[in-house]
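As the structure is a prediction and not an experimental result, all values here were calculated from the model. Heavy-atom basis, side chains included; hydrogens, waters and symmetry copies ignored.
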Amino acid sequence: RHLEVSNCEVKYEGRSVRVITCPIGIDPEEFHARLNLPKVQDRIKVLHKRYEDVKLIVSVDRLDYVKGIPLRMEAMEALLTKHPEHIGKVVLLQVLIPSREAVQGYRHLHHQIDESISRINGKFGLSLCKHPRSILLLTVFIGDIEYSPIQSQFCSVSKDELTALYAASDACIISSTRDGFNVVSLEYIACQRDRLGVLLLSEFAGAAAVLDDSIKFNPWDTDKFSKAIHQAVTMDEEEKRQRFNQLQSFVMRNTR
């Protein structure tokens, strides 16, 4: 307001300073290299086999109020209520990274999330048994078997494991109610070179300003949020390819 600004140029005391917008980036080649590691490829094969008959959605978040995790659970519940054909066919795998566990408010948030997951799995787990075409879903933990539309891990995970999870999933949800840039969106695209996964991105995440070919939504609007998930899991291959190519182009151009 106080400086002379024209066409992204600031003039001050006889000097001209050019101002550019430079979004944060990642090193996509790091993830491409991890994708080629034998242990990561083996892990991807295991995940593909376990989820071969379902659409796998992944979310990776720190335990934090701003990540919109309870709103994500509400949207999944709304999706399965309005579209029962997705019961047994869509799974959300929630990776929750521990954070500030000594703070009572964060412990309460974790408890709230766990209660929501248990309630939704209980509600739609019963429906799964009634569906003649229901399938057996496996968690990412070897040997654990459950019929659950929402599966959760509360632990830190390695970059190799994250790379495999990103690569093996059909969609990724970021539902922040307020956020900085959120580089998970970029990491997911970097790992999706073979699967053409769909990115669902809250309009309140900074990345929404530049990742135009993601599916954007307001996480507070449960109806539109659930419609965004439905759109992602029913999207045809051509649209997925077009969206992914544009997103990948941005990730490869705007590296750190």
Side-chain angles (χ1 to χ4, degrees), residues 21-35 40 44 55-69 71-73 75-76 92-97 99 153 156-221 224-233 235 239-256:
T21 300
C22 187
I24 191 173
I26 62 169
D27 179 7
E29 297 300 338
E30 176 190 352
F31 288 92
H32 294 168
R34 286 185 186 278
L35 283 171
V40 173
I44 291 172
K55 294 287 188 179
L56 177 62
I57 304 170
V58 68
S59 288
V60 180
D61 308 273
R62 281 184 300 104
L63 179 63
D64 200 306
Y65 296 104
V66 303
K67 299 302 181 181
I69 303 169
L71 301 177
R72 189 179 307 153
M73 303 309 160
M76 280 296 295
L92 170 64
L93 176 56
Q94 174 66 63
V95 178
L96 199 56
I97 310 299
S99 175
Q153 285 182 264
S156 297
V157 294
S158 68
K159 280 193 174 182
D160 288 344
E161 177 70 6
L162 276 180
T163 300
L165 288 173
Y166 289 146
S169 57
D170 298 283
C172 176
I173 297 178
I174 296 168
S175 56
S176 312
T177 55
R178 54 186 181 275
D179 214 340
F181 191 91
N182 196 307
V183 296
V184 167
S185 57
L186 307 182
E187 294 172 353
Y188 179 73
I189 295 300
C191 296
Q192 277 287 318
R193 62 185 183 188
D194 299 322
R195 204 169 179 86
L196 308 178
V198 181
L199 177 64
L200 295 95
L201 187 56
S202 165
E203 62 187 41
F204 301 117
V210 291
L211 298 179
D212 293 329
D213 287 273
S214 59
I215 298 178
K216 300 177 189 178
F217 60 91
N218 182 339
W220 296 102
D221 189 329
K224 290 184 179 178
F225 192 169
S226 67
K227 287 179 179 177
I229 302 173
H230 176 71
Q231 179 184 354
V233 298
M235 187 179 295
E239 183 179 354
K240 286 199 293 186
R241 185 177 303 278
Q242 291 176 0
R243 286 175 177 269
F244 176 76
N245 286 343
Q246 293 299 317
L247 293 170
Q248 184 185 49
S249 176
F250 176 87
V251 172
M252 296 302 295
R253 288 196 319 269
N254 295 276
T255 64
R256 64 183 183 187

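A distance of 8.5 Å separates CG of Asp221 from NZ of Lys227, quoted to the nearest 0.5 Å. From Gln248, atom CD reaches atom CZ of Arg241 across 11.0 Å, with rounding to the nearest 0.5 Å. The CH2 atom of Trp220 sits 12.0 Å away from atom CD of Glu203, with the distance rounded to the nearest 0.5 Å. Between the CZ atom of Phe204 and the CG atom of Asn182 there is a distance of 14.5 Å, given to the nearest 0.5 Å. In this structure, CD1 on Ile97 lies 5.0 Å from OG on Ser156, to the nearest 0.5 angstrom. Separating the OH atom in Tyr188 from the CD1 atom in Ile173 is a distance of 10.0 Å, to the nearest 0.5 Å.
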> After noting the C-alpha distance and the side-chain angles of Leu92 and Arg72, does the key distance pass the side chain to side chain contact (heavy atoms under 4.5 Å, CB included) rule?
Replying inline: CA-CA 10 Å; Leu92 170 64; Arg72 189 179 307 153; 4.1 Å; yes
>> Would Val184 and Asp61 count as a side chain to side chain contact (heavy atoms under 4.5 Å, CB included) here? Give the steps.
In response: CA-CA 9 Å; Val184 167; Asp61 308 273; over 6 Å; no
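Side chain of Thr163 to main chain of Lys159: a donor-acceptor pair is present (N/O by atom type, distance under 3.5 Å, no hydrogens or angles). With hydrogens and angles disregarded, no donor-acceptor distance shorter than 3.5 Å links the side chain of Lys224 to the backbone of Asn218. In this structure a side-chain-to-backbone donor-acceptor pair under 3.5 Å is present from Arg243 to Asp213. The backbone N or O of Gly68 sits less than 3.5 Å from a side-chain atom of Ser175, completing a donor-acceptor pair. Counting only distance, with no hydrogens or angles, the side chain of Arg34 and the backbone of Leu162 share no donor-acceptor pair below 3.5 Å.
Residues Ile215 and Met235 form a side-chain contact, since some pair of their non-hydrogen atoms from C-beta on lies under 4.5 Å apart. Side-chain contact between Thr255 and Pro28 is present, with at least one heavy-atom pair separated by less than 4.5 Å. Two residues are said to be in side-chain contact when any heavy atoms from C-beta on lie closer than 4.5 Å; Phe181 and Val210 meet this criterion. Between Val60 and Leu165 the shortest side-chain heavy-atom distance does not fall below 4.5 Å. Side-chain contact check for Ile174 versus Leu199: some heavy-atom pair is nearer than 4.5 Å. Two residues are said to be in side-chain contact when any heavy atoms from C-beta on lie closer than 4.5 Å; Met73 and Met76 fail this criterion.
Between Cys191 and Phe31, the shortest heavy-atom distance links the atoms SG-CD2, 3.5 Å. Of all heavy-atom pairs between Ser169 and Val58, the closest is OG-CG1, 3.4 Å. Scanning both residues, Leu186 and Gly25, for their nearest heavy atoms gives CD1-CA, 3.9 Å. Ser214 and Leu211 get closest at one heavy-atom pair: OG-O, 2.7 Å. Between Leu200 and Ala232 the shortest heavy-atom distance is CD1-CB, 3.6 Å. A pairwise comparison of heavy atoms in Arg62 and Lys67 identifies O-CG, 3.6 Å as the closest pair.
When Gln192, Arg195, Lys55 are each tested for a side-chain hydrogen bond (donor to acceptor under 3.5 Å, both in side chains) with Asp170, only one passes: Arg195.
For Ile24, the CD1 atom sits in a loose shell: 12 or fewer heavy atoms of surrounding residues, nucleotides or ligands are nearer than 6.0 Å.
The aromatic rings of Phe225 and Phe217 sit parallel to each other, their planes meeting at less than 30°, with 60° as the upper class boundary.
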